[in-house]
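Take a look at the structure below.
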Amino acid sequence: MTINALRGTYDICPPASYIWEYVEQEARRLFGQFGYGEIRTPIFEETRLFTRSIGENTDIVSKEMYTFADRKGRSITLRPEATAPVVRAFLQHKLYSVSPLNKFFYIGPMFRYERPQAGRNRQFYQLGTEILGSNHPYYDAESIALAHQFLCVIGINNPTVKINSVGDLESKKLFGKMIQTKLMPQQSLLCADCQTRLEKNPLRVLDCKNPSCKEYIKDLPRLTDNLSPASKEHFAQVLRFLDSMNIPYVIDNCLVRGLDYYTETIFEIVHSNLGSQDALGGGGRYNNLVEEMEGPSTGAVGFAFGIDRLVMVLEQLRPELATDRQQLDCYILNLEPSVFTEHVALVHKLRKTGIRADICTEEKSMKAQFRAANKLNARFVVIRGKEEIEKNIFSIKNMNEANEEKISYTDENTLFEILRERIIKL
RNA sequence: GUGGGUGUAGCUCAGUAGGUUAGAGCGUCUGGUUGUGGCCCAGAAGGUCGACGGUUCAAAUCCGUUCACUCACCCCA
């Protein structure tokens with residue numbers, strides 16, 4: 001009985017892993033350029049960190065958390081998202097007193113117990129940012145600009161940025177109540193999902209795709225018309241900054257996010273090359289979360305990409321990323337056991353000077369060894385067989401030009417030097 | 001949690017009016033005269049046909065159960 005990876009988890013083997021490396025490498029470079037420092041938090045936390053921050057009756061907390069008791073009976077949860085852990089770290093280390101503004105990025109696995117489907121796994125990977133310490137609308141726009149530029153950098157060129165505002169905590173609550181009172185009389189006419197949404201999370205009714213529900217939704221007041229003057233101005237400024245940076249976006253009055261802590265600006269980036277789960281990433285502002293977690297009043301905004309989904313799109317758009325383009329500089333054949341040890345020293349010496357060298361360990365036929373060299377995409381092959389040893393020479397074959405050079409052998413070191421010279425010359 | 005689809009070689013898949021030793025392409029390995037790769041040619045290895053049970057003289061094929069994968073709903077990255 002073989003053991004397989006658990007449902008919703010998977011292995012990333014070469015050459016597919018090259019895409020992941022590429023995405024992460026470009027993220028580190030660009031996010032660093034924008035002034036974000038990497039933060040790494042633990043993969044598991046106390047359960048109440050998430051129940052408190054994300055919200056008791058959100059889907060994530062009510063049915064998707066990997067929660068278990070540790071050996072001392074404490075309730076532990078594998079992180080379903082990174083914002084709460086980052087805020088926890090921010091407070092634990094009192095980073096607000098180290099610097100008024102903190103910009104972080106993170107890369108790592110998250111866990112949600114869901115039925116897997118295209119673009120959704122139980123262990124999935126996010127790469128995201130958090131800016132803590134300001135409620136200036138510029139930072140909402142910067143988050144979106146960074147996300148947008150990152151996609152451009154890695155070659156995902158036509159994403160759609162959807163944006164909306166839910167206003168401050170007060171207007172968010174008031175608007176929810178408004179929807180409830182307007183729709184309650186017709187509750188029984190809505191779809192089953194909307195009936196429960198209306199009670200648990202009324203804003204969600206807005207993005208129901210059910211055609212019959214849409215009839216009722218279109219007559220509802222609009223979120224953006226019911227914002228407080230301050231929230232309205234905040235949102236207008238975010239849009240103004242986006243315009244000034246030429247970041248394209250679509251205002252989507254029905255966009256709602258599933259986590260309780262979002263306030264003001266929320267956004268989502270979708271892409272048509274994905275399946276039904278078409279969001280590459282999303283985020284928004286969360287001005288009350290830090291305070292709710294017993295920290296000082298702190299404006300904050302963040303977003304996250306699903307790396308799994310970025311990779312899915314890149315597999316389609318840039319399949320060349322998943323090929324091993326690296327050439328081997330030098331492959332040393334194994335024809336005479338008497339010189340094998342000398343060759344072990346040679347490979348090591350070459351590698352120490354930064355050359356990509358490798359050695360054949362099996363005493364196979366010359367044809368087989370050349371086939372191996374070819375598969376490894378070797379530029380040079382070192383040949384020391386019976387003939388060379390008798391004549392006291394060694395041969396270097398250039399695989400690209402298919403010509404061979406025979407050089408007289410004096411000692412190990414000159415062999416190394418001559419080989420190195422040939423390799424570096426190219 | 002709910003619903004649909006699919007399980008045959010390492011990969012992509014053929015293979016039903018149930019009937020001999022279950023196939024192809026790619027990949028892997030070995031050869032194609034004495035020591036040379038890619039192209040070409042030849043050959044080999046590799047499968048308890050997802051698992052279990054049933055019908056039948058006979059099951060990859062029909063029936064039942066189960067597991068896995070997959071897509072979608074809910075929701076999210």
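Everything numeric here is computed off the predicted structure, so don't read it as measured data.
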Practice problem: Go through the side-chain N and O atoms of A:T77 and A:E45 and say whether any donor and acceptor fall under 3.5 Å apart. | Solution: no

Quiz prompt | A:R88 NZ/CZ over A:F50 ring centroid, <6.0 Å and within 45° of normal | solution = no

Quiz item: Could one point to a donor on the side chain of A:R371 or the base of B:G31 with an acceptor on the other under 3.5 Å away?
Solution: yes

Quiz item: Can you tell me if the side-chain N/O atoms of A:K367 get under 4.0 Å from OP1 or OP2 in B:U36?
Solution: no

Quiz item: How is A:A372 classified with respect to the nucleic acid when contacts are heavy atoms under 4.0 Å: base, sugar-phosphate, or nothing?
Solution: nothing

Quiz item: How would you label the contact of A:E81 with the nucleic acid (heavy atoms, under 4.0 Å): base, sugar-phosphate, or nothing?
Solution: nothing

Quiz item: If we take the P atom in both B:U36 and B:A24, what is their distance in whole Å?
Solution: 31 Å

Quiz item: Base, sugar-phosphate, or nothing: which does A:L310 touch, judged by heavy atoms less than 4.0 Å apart?
Solution: nothing

Quiz item: A:L280 near the nucleic acid: base, sugar-phosphate alone, or nothing, with a heavy-atom cut-off under 4.0 Å?
Solution: sugar-phosphate

Quiz item: Tell me, which stems hold RNA chain B, with a stem being 3 or more Watson-Crick or G-U pairs in a row and both distances under 3.5 Å?
Solution: B:1-7 with B:67-73, B:10-13 with B:23-26, B:28-32 with B:40-44, B:50-54 with B:62-66

Self-check item: N/O donor-acceptor pair, side chain A:K375 with base B:G27, under 3.5 angstrom
Solution: no

Quiz item: When every nucleotide of nucleotides 68-73 of chain B is labelled 5' to 3' by its protein contacts under 4.0 Å (heavy atoms), B for base, S for sugar-phosphate only, - for none, what sequence of letters results?
Solution: SS-SBB

Exercise. State whether the side chain of A:R318 and the backbone N or O of A:I154 hold a donor-acceptor pair below 3.5 Å, judged by distance alone.
Key: yes

Exercise. For B:G31, take OP1 and OP2 only and decide whether either is under 4.0 Å from a side-chain N or O of A:S365.
Key: yes

Quiz item: Can you find a donor-acceptor pair, distance only, under 3.5 Å between A:Q369 side chain and B:U36 base?
Solution: no

Quiz item: Side-chain donor or acceptor of A:K397 under 3.5 Å from a matching atom on the base of B:U36?
Solution: yes

Quiz item: Is the closest basic N to carboxylate O distance between A:R79 and A:E81 below 4.0 Å?
Solution: no

Practice problem: Report yes or no: do A:Q123 and A:Y125 form a side-chain donor-acceptor pair below 3.5 Å? | Solution: yes

Exercise. Classify the nucleic acid contact of A:E388 as base, sugar-phosphate or nothing, counting any heavy atom under 4.0 Å across all strands shown.
Key: base

